[in-house]
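Contents: one structure, followed by commentary.
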Amino acid sequence: MNATMDVLVSLSKRRGFVFQSSEIYGGTGSCWDYGPLGVELKNNIKRVWWRDFVQARADMVGIDASILMHSTVWKASGHLDHFTDPMVDCRECKHRFRADHVNDLPWTHHCPATKGNKFTIPPGEPCGHCGQRRTLCPECGKGELTAPRQFNLMFKTFMGPVEEDAAVTYLRPETAQAMFVNFDNVLQSMRLKLPFGVAQAGRSFRNEITPGNFIFRTREFEQMEIEYFVNPHDRVDGRPADEYWHDRWIGDCMAWFQRYGLRDENLRLREHDKDELAHYAKRTVDIEYKFPIGWSELMGIANRTDFDLKQHSKWSGKSLTYFDEERKEHVVPYVVEPAAGVDRALLAFMADAYREEEVRGEKRVVLRFHPELAPLKVAVLPLLKKREDIVRVAQTIRADLARQWRVVYDDTAAIGRLYRRQDEVGTPYCVTVDVQTVGDAERGETGDQRVTIRERDSMEQIRVPVAELAAVFRELLGGVTWADLAPRYPPVRS
Ligand code: GAP
């Protein structure tokens, strides 16, 4: 079964992934807080992204820039003039809508053919009783909508103690601009040769007119962006370098999402039409995911040409060029930009991992997270919480493994229940300590010093010496599959 958004919202709250921000005050419609498991999942997504796209590559470096930037950055980038959405307001209930989304909403209708009875009608459809189409506010069904007005999505604030025009600045609406304004700093300090990329993961802010759909569209979110600079005069495989690298990045990003668990049938590419391209883009391709709300953008990969470096050079008066030693000329690099949202990636990984299964006549909910993404890697469970020796061994194992991974100890329910709890949050492995492990000191039995490891997806169990646990998890959490490792140990029949 595919998870609905309601199911994911409810699981997220119940199991500590995501909470409504400021919930005790009634919450905000557009901000969400990551709970104890959510923050682990989110950190894991950012960590593997950084490891795969920065650490592992000789042509990549990273930065971590401030959110508040010089206000001219936003003039130069075009955000002050172009980063707008058309909005309309209801004159009656004051509800605000994106003009281009208004026809995609279900609409409220007070039907004259049924004595003004109120109906909610699906988007774009006429009323089944009177045949009217929507002309009024879709929310209240009474007010007229204003003509569209352009609304800038940047959050405005003031730098310093005085709220005057000269002090106006903005919360960054994308992380990208810091890579452009630091282009020369990075180039000179790291002595880089084209092509090379600069990556950054961090918060961005957009005063979205209609945020919603859980963490899909929020006003504060995180991005993982790369600006990959190429020499526009170079050719690779007979093609202009920017076009070659654009396609390479599309392929690499798609493969990355597949590698960490998104199923092929839930992923697709979408080419932007010429009339929807951003003002800076020569070509943009989105990776779309089949979210519970339907196919929607997961990330975008744009060819921004030399637009940004030229703009910042013009507005700052500083040269932002690269000296091409071979051709003995200064060039303004082109840039390919793979831009992903952390929150959207998390939502996609969660939706894709969600399964409802039937096990021995009972429903089991399981999040089949890739082990590298799973918020908890191992749960250590004592079979009998009243046996001090069992608890002591289990606690020692937890402390030992926790030096390398996020590992929890839980003795608050019977074993079957504990397994289900860990399945529901996607913990790939459970370790159970039982009587066989510790033996019975009073009878002079030493125990076999082995514990049971249970794998989440197959629910298979094997018996492993305590002394080998760390090595076994280094393999399992380092890429060795259960199918390859399990045959080395005796199975446990449940
Ligand atoms: N620098 C280019 C750029 O920012 P974008 O398509 O506007 O491009 C990139 O944003 C990614 O950031 C999106 O694909 C999406 O994953 C994420 N994103 C954008 N706006 C968002 C929002 N309001 N809430 C959550 N994620 C958002």
Side-chain angles (χ1 to χ4, degrees), residues 5 18 21 28-32 34 42 45-46 49 63 65 67 69 73-74 77-79 82-85 98 101 151-155 170-181 197-228 246 249-250 253-254 256-257 262 267-272 276-289 291 293 295-305 307-309 311-312 335-351:
M5 201 64 106
V18 185
S21 167
T28 62
S30 58
C31 302
W32 298 87
Y34 288 87
K42 198 168 179 226
I45 292 170
K46 286 187 284 183
W49 180 82
I63 61 166
I67 286 167
M69 302 178 76
V73 167
W74 308 113
S77 68
H79 283 83
H82 300 293
F83 197 55
T84 54
D85 275 339
R98 261 179 69 167
H101 286 179
F151 173 76
N152 196 295
L153 299 186
M154 283 197 294
F155 276 98
Y170 303 89
L171 302 187
R172 67 181 178 201
E174 61 174 16
T175 58
Q177 294 304 318
M179 272 86 94
F180 300 127
V181 300
V198 188
Q200 175 170 215
R203 292 206 182 235
S204 295
F205 301 82
R206 295 181 189 178
N207 202 1
E208 301 279 3
I209 297 167
T210 44
N213 289 320
F214 193 31
I215 52 174
F216 180 82
R217 189 183 310 285
T218 53
R219 294 197 169 114
E220 175 178 350
F221 54 96
E222 278 192 83
Q223 292 184 303
M224 306 183 284
E225 295 199 284
I226 291 167
E227 304 305 328
Y228 195 77
H246 194 190
W249 275 107
I250 293 166
C253 291
M254 192 67 148
W256 189 81
F257 282 112
L262 299 192
L267 285 165
R268 71 179 186 192
L269 296 176
R270 190 181 72 82
E271 188 90 29
H272 280 215
E276 74 174 305
L277 282 177
H279 58 277
Y280 49 72
K282 168 173 161 185
R283 177 185 172 220
T284 298
V285 173
D286 285 346
I287 294 183
E288 291 194 333
Y289 180 74
F291 286 98
I293 51 170
W295 286 102
S296 309
E297 177 186 338
L298 173 58
M299 74 172 293
I301 302 135
N303 181 344
R304 295 178 77 126
T305 69
F307 174 85
D308 303 272
L309 289 179
Q311 281 294 103
H312 287 301
V335 69
V336 172
E337 178 191 67
V342 182
D343 312 78
R344 256 181 223 185
L346 187 146
L347 182 60
F349 283 125
M350 203 169 190

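One-based numbering along the sequence shown. Whatever order the structure lists them in is the order used to number ligands and atoms, beginning at 1.
Contacts between E222 and ligand 1 below 4.0 angstrom, taking non-hydrogen atoms only, are absent altogether. With a 4.0 Å cut-off on non-hydrogen atoms, L298 touches ligand 1 through its backbone and not its side chain.
N152 places a side-chain N or O within 3.5 Å of a backbone atom of H79 that can act as its donor or acceptor partner. A donor-acceptor pair under 3.5 Å is absent between the side-chain atoms of H82 and the main chain of S77, judged by distance alone. Proximity of a side-chain donor or acceptor of D286 to a complementary backbone N or O of E288 within less than 3.5 Å is not detected. One N or O on the side chain of R206 and one on the backbone of P173 form a donor-acceptor pair closer than 3.5 Å. At distances below 3.5 Å, at least one donor-acceptor pair connects side-chain atoms of E225 with backbone N or O atoms of T175. The backbone N or O of V342 lies less than 3.5 Å from no partner atom in the side chain of E222, so there is not a single donor-acceptor pair.
For ligand 1 and E174, the ligand atoms under 4.0 Å from any heavy atom of the residue are 1 (N), 2 (C), 3 (C), 4 (O). For ligand 1, the atoms sitting less than 4.0 Å from at least one non-hydrogen atom of R304 are 1 (N), 2 (C), numbered in the order shown with element in parentheses. Atoms of ligand 1 found under 4.0 Å from any heavy atom of E225 (numbered from 1 in listed order, with element): 1 (N), 2 (C), 3 (C), 4 (O). Numbered from 1 in the order shown, with element, the atoms of ligand 1 that lie under 4.0 Å from a heavy atom of M299 read 14 (O). Atom numbering of ligand 1 starts at 1 in the shown order; those under 4.0 Å from a heavy atom of E337 are 1 (N), 2 (C).
Taking atom 17 (C) of ligand 1 as the reference point, the nearest protein heavy-atom neighbour is G341 CA, 3.6 Å. Of all protein heavy atoms, the one closest to atom 24 (N) of ligand 1 is T218 N, 3.0 Å. For atom 15 (C) of ligand 1, the nearest protein heavy atom (residue, atom name, distance) is R344 NH1, 3.5 Å. Closest protein heavy atom to atom 12 (O) of ligand 1: Q223 NE2, 3.2 Å. In terms of protein heavy-atom proximity, atom 6 (O) of ligand 1 is closest to E297 OE2, 3.0 Å. Scanning the protein for heavy atoms near atom 25 (C) of ligand 1, the closest one is F216 O, 3.2 Å.
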Between F216 and F214, is a ring pair (Phe, Tyr, Trp, His ring centres under 6.0 Å) present by the stated rule, with each step listed? CA-CA 6 Å; F216 180 82; F214 193 31; over 10 Å; no
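Of the candidates R206, R219, E227, the one placing a heavy atom closest to atom 5 (P) of ligand 1 is R206. In this structure, of Y289, Y280, F221, F83, the residue bringing a heavy atom nearest to atom 26 (N) of ligand 1 is F221.
Taking the six-membered ring where the residue is Trp, Y280 and F307 present tilted rings, their angle falling between 30° and 60°.
Taking the ring axis of F221 as reference, the NZ or CZ atom of R203 does not stay both within 45° of it and closer than 6.0 Å to the ring centre. A cation-pi arrangement is absent between R270 and W295 under the rule of less than 6.0 angstrom and at most 45 degrees off the ring axis.
Between A176 and ligand 1, not a single N/O pair is under 3.5 Å apart.
In summary, the side chains of Q223 and S204 do present a donor paired with an acceptor at a separation below 3.5 Å, with no hydrogens or angles considered.
By the 4.0 Å heavy-atom criterion, E288 is excluded from the residues contacting ligand 1.
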